[in-house]
Amino acid sequence: MKKIFFLMTAISALGQNNIQYPKTQKGTITDTYFGTVVPDPYRWLEDDRSAATAAWVKAQNEVTFGYLNQIPFRAQIKTRLEQLWNYEKESAPFKEGDFIYYFKNDGLQNQSVLWRKDTKGKEEIFLDPNTFSEEGTTSLGEISFSKDGSLLAYSISEGGSDWRKVIIMNAITKEQIGDTLIDVKFSGLSWLGNKGFYYSSYEKPKGSELSAKTDQHKLYFHSIGTQQKEDKVIFGESQKRRYVSGNVTEDDRFLVITAANSTYGNELYVQDLNAKNSPLITLVANFDNDNNIIDNLGDTLFIETDWKAPNKRVVSVSIKNPTPENWKDVIPETENVLSISTGGGYFFAHYMKDAVSVVEQYDEKGTKIRTLELPDLGTADGFKGKKKEKAVYYTFTNYTTPGTIYKLDVATGVSALYRKSKADFQSDLYETKQIFYTSKDGTKVPMMITHKKSLQLNGKNPTILYGYGGFNISLTPSFSIANAVWMENGGIYAVANLRGGGEYGKKWHDAGTQLQKQNVFDDCIAAAEYLIANKYTSKNYLALRGGSNGGLLVGAVMTQRPDLMQVALPAVGVLDMLRYHTFTAGAGWSYDYGTAQDSKEMFDYLKGYSPVHNVKSGVHYPATLITTGDHDDRVVPAHSFKFAAELQAKQTGTKPTLIRIDVKAGHGAGKSVKATIEENVDIQAFTLYNMGITQLPQ
């Protein structure tokens, strides 16, 4: 029998609870960076296939759920969360062939169901992911119909893994055809007529498929009726790129290929599919900017780019002379960040103005048609459709408005309510304020604060401060059922738009990357200090929450300023900054982080804030609930495992340091409703309990 590397030791916790943590065995492995020796005592936890790791996971979950089960109002939170969650939800419709498709969830179904309606209005279930597995842990990923709507390719994820299977079916008869494709990862599915489709993947790695490095992405074409082993490599055989995607334009004229080695910056290639044996045409041959072909009109390509436009613009160019020096503005850059969508033969320019949506409609010549009137300040998403469509749909939401679907007549610009949310939430009892606070270096940073209108600023309000701050990702207002329950119970939900995100374009993103990453943590610390100084909350009632790169944010801030908060909630976090790039596709994150091998300066900087390497003995850390999934193959769970082991070994105070590990769950995508509810219940119960709350409002 293999030796199990953990022992038990008793440590006191909040109130009368006594927690017996698994005391994780320390190894002797070290790494040397530029002459500096760095111990890695918990390296063995990186082996996700070992019996020792599995036993450690089981022991940690037993301790964590033993603690959570004792919280007196945990069941009350679960009951209310299930009540509020239990309403029918439906997506915006989309047309494929002779059918109208839409997703629907009756309330508490683990996965939303794909329905369709024929020309006579008859409705039927088309594809039900709840039948894929008994536990609801297999989810539907990408779906792609052939141009005439007669064929469908869809991917499924098992246990939350990024590795997918692709199934092909006759969309008319709903019969599966051909073989199931396996080992597909980070892939779209783009049809060429009815012949087949393009998809992307890596070679299956040696060792663990959940944690082994994946470094060379390839674009394939699968012909219907053939075996996967016959699929032709279109791009990536001789060109080593970490991320490759292929997409066919709506008119089947061009194959567009983007290739990248990091999460920012991409090469751009086009192949004319009308010409036999046509070569790949290079538009962009470097990784200096983000470039994306959004549409074409005959030989003319339309490109969204931040080349010479940090806030992005739309340009046009002829395929005959497609390189950047020939690009001409169609929608010029403005002071606000642009993202573009197409539908009904128009461009819809989505601008962010202080993280709030402004949408303008343009024709293909770049003439502005109108600024669309939105229901309120918030986030509008959608405005997509085929060129022939006369209407497009969009969803509007903010922190107090559940997602509402509107139908837009593209000719008149008139919006009509299509589907109002059935959520049992009294929006008029709540309010959102946007404030601008000053960070350490004088930078003004926006934050949105949402709570009941009746809230008193007495410093005693339970508050969750949420942040991300990375990868050019913007946090825009959106409704959350879980946050609604939090606010019903008297809580404040605050979201800070930290540097590193995309709210103010490339400059804002770059200001939170690599040797400027500390700006992100300083922005977050300043947000917390603002909430405390203005009596929204106080240290004893403040929780910091974030996931993935936001999990890094929480880990870094809680190790730099453990005095700042009562509760820390790092989820699926990037927490070992010296080794993140050695797992799965992690090396692609180097634009944001840099790597420990880049230079001594970069190594010292990363080691200076890496959460795993900055837990110190003799420090009173906040009550901490780390959350992760044992099938997370994007940010591998070893990050969270190591951080938990360090905290449990070195926590000097009496506050609990626990890790909650979802089994058969990944980074978050496709997580079942049941698992999502249970996780949110535990996070809120743990947070309130460790703020000294003993009873919730009835």
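Using modelled atom types and a 3.5 Å distance limit, the side chains of N170 and E175 yield no donor-acceptor pair. With 3.5 Å as the limit, one finds no donor-acceptor pair spanning the side chains of R660 and N61. Side-chain atoms of S415 and Y394 include a donor-acceptor pair closer than 3.5 Å. Of the N and O atoms on the side chains of S341 and H350, at least one donor lies less than 3.5 Å from an acceptor on the other residue. For the 3.5 Å distance criterion, the side chains of R116 and Y101 qualify, holding a donor opposite an acceptor. For the residue pair T401/N398, the side-chain donor-acceptor check at 3.5 Å is satisfied.
Contact annotation: the side chain of L465 approaches that of L542 to within less than 4.5 Å [non-hydrogen atoms, C-beta and beyond]. Within the 4.5 Å cutoff, the side chain of L658 has heavy atoms near those of the I19 side chain. Annotation: side chain of V574 is in contact with side chain of H639 (closest heavy-atom distance under 4.5 Å). Looking only at side-chain heavy atoms (C-beta outward), Y346 and V392 stay at 4.5 Å or farther from each other. Residues V572 and T627 are not in side-chain contact: their nearest non-hydrogen atoms beyond the backbone lie 4.5 Å or more apart. Counting heavy atoms from C-beta outward, L408 and L372 have side chains that approach closer than 4.5 Å. L84 places a side-chain heavy atom less than 4.5 Å from the side chain of V485. Using a 4.5 Å heavy-atom cutoff, the side chains of F641 and V636 are not in contact.
The main-chain N or O of G491 is never found under 3.5 Å from a side-chain atom of N461 such that the two would form a donor-acceptor pair. Without hydrogens or angle criteria, Q361 side chain to V410 main chain gives a donor-acceptor distance under 3.5 Å. With hydrogens and angles disregarded, no donor-acceptor distance shorter than 3.5 Å links the side chain of T687 to the backbone of A685. Proximity of a side-chain donor or acceptor of T397 to a complementary backbone N or O of S478 within less than 3.5 Å is not detected. Checked by atom type and distance alone, the side chain of S548 never pairs as donor or acceptor with a backbone atom of G550 at under 3.5 Å. Checked by atom type and distance alone, the side chain of N680 never pairs as donor or acceptor with a backbone atom of A482 at under 3.5 Å. Judged purely by atom type and a 3.5 angstrom limit, K386 uses its side chain to pair as donor or acceptor with the backbone of K95. Panel note: side chain K104, backbone Y102; no donor-acceptor pair is recorded below 3.5 Å. With S146 contributing its side chain and L151 its backbone, the two residues share a donor-acceptor pair below 3.5 Å. The backbone N or O of E158 sits nowhere less than 3.5 Å from a side-chain atom of S161 that would complete a donor-acceptor pair.
Closest of all the heavy-atom pairs between S357 and A380 is OG-N, 3.0 Å. Here the closest heavy-atom approach between residue R419 and residue T404 is recorded as O-CG2, 3.5 Å. In terms of heavy-atom proximity, L575 sits nearest to L552 at CD2-CA, 4.2 Å. Residues S201 and K185 approach most closely at OG-N, 3.2 Å, considering heavy atoms. The minimum heavy-atom distance linking L475 with A355 is given by the pair O-CB, 4.0 Å. When all heavy atoms of S139 and Q111 are compared, the closest pair comes out as CB-OE1, 3.6 Å.
Under a 4.0 Å N-O distance rule, the pair E123/K117 does not qualify as a salt bridge. A salt bridge is absent between D409 and K390; no separation between the charged side-chain nitrogens and carboxylate oxygens falls under 4.0 Å. Ion pairing of E389 with K384 is absent here, as no side-chain N (NZ or NE/NH1/NH2) approaches a carboxylate O to less than 4.0 Å. Between K453 and E431 there is no salt bridge, since no side-chain N of the basic residue sits under 4.0 Å from a carboxylate O of the acidic one.
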Check the pair E488 / R80 against salt bridge (Lys or Arg N to Asp or Glu O under 4.0 Å), numbers first and verdict last.
CA-CA 10 Å; E488 277 187 348; R80 179 54 183 149; 2.7 Å; yes

Stepwise side chain to side chain contact (heavy atoms under 4.5 Å, CB included) test for M448 and V356:
CA-CA 11 Å; M448 292 192 181; V356 172; 3.6 Å; yes

With side chain to side chain contact (heavy atoms under 4.5 Å, CB included) as the criterion, how do I626 and T624 come out once you've worked through the C-alpha distance, each side chain's angles and the decisive distance to 0.1 Å?
CA-CA 6 Å; I626 303 165; T624 305; 3.8 Å; yes

Can you list the steps and then say if W85 with L108 is a side chain to side chain contact (heavy atoms under 4.5 Å, CB included)?
CA-CA 7 Å; W85 208 293; L108 295 175; 4.0 Å; yes

F126 vs W115, ring-ring contact (aromatic ring centres under 6.0 Å, His included): CA-CA, chis, key distance, verdict:
CA-CA 5 Å; F126 178 69; W115 285 70; over 10 Å; no

Mind running side chain to side chain contact (heavy atoms under 4.5 Å, CB included) on K433 and Y536 for me, showing each step along the way?
CA-CA 12 Å; K433 298 176 183 176; Y536 284 97; 4.0 Å; yes

Just do the salt bridge (Lys or Arg N to Asp or Glu O under 4.0 Å) check on K174 and E124 with the steps written out, would you?
CA-CA 11 Å; K174 297 193 287 187; E124 65 173 348; 3.4 Å; yes

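The CD1 atom of I71 sits 12.5 Å away from the OG1 atom of T694 when rounded to the nearest 0.5 Å. For the atom pair I661 CD1 and F65 CZ, the distance stands at 9.0 Å (nearest 0.5 Å). Interatomic distance, CG of N130 versus CG of D106, reported as 8.5 Å (0.5 Å rounding). Here the straight-line distance linking atom OH of Y541 with atom CD1 of I693 works out to 5.5 Å at 0.5 Å rounding. The distance from the CG atom of L625 to the CD1 atom of I659 is 9.0 Å, given to the nearest 0.5 Å. Atoms CD1 and CG, from I156 and L140 in turn, are 9.0 Å apart once rounded to the nearest 0.5 Å.
Listed by chain and residue number, K78, I677 satisfy the side-chain contact (heavy atoms from CB on, under 4.5 Å) test with E82 (two or more places apart in sequence, or in another chain). A search for side-chain contact (heavy atoms from CB on, under 4.5 Å) contacts involving I182 returns K165, Q228, not counting sequence neighbours.
F396 and Y406 have their aromatic ring centers separated by at least 6.0 angstrom. For an aromatic pair to be called close, the ring centres must be under 6.0 Å apart, and F425 with F479 satisfies this. Between Y393 and F94, the gap from one ring centroid to the other reaches at least 6.0 Å. For an aromatic pair to be called close, the ring centres must be under 6.0 Å apart, and Y493 with W486 fails this.
Applying side chain to side chain donor-acceptor pair (under 3.5 Å) to Q176 and the options T173, T180, D179 leaves one that passes, T180. For the pairing with T400, the side-chain contact (heavy atoms from CB on, under 4.5 Å) check across T450, D376, L429 returns one residue only, T450.
Residue pairs meeting the salt bridge (charged side-chain N to carboxylate O under 4.0 Å, His left out) criterion with at least one partner in residues 137-155, sequence neighbours excluded, are K147-D252.
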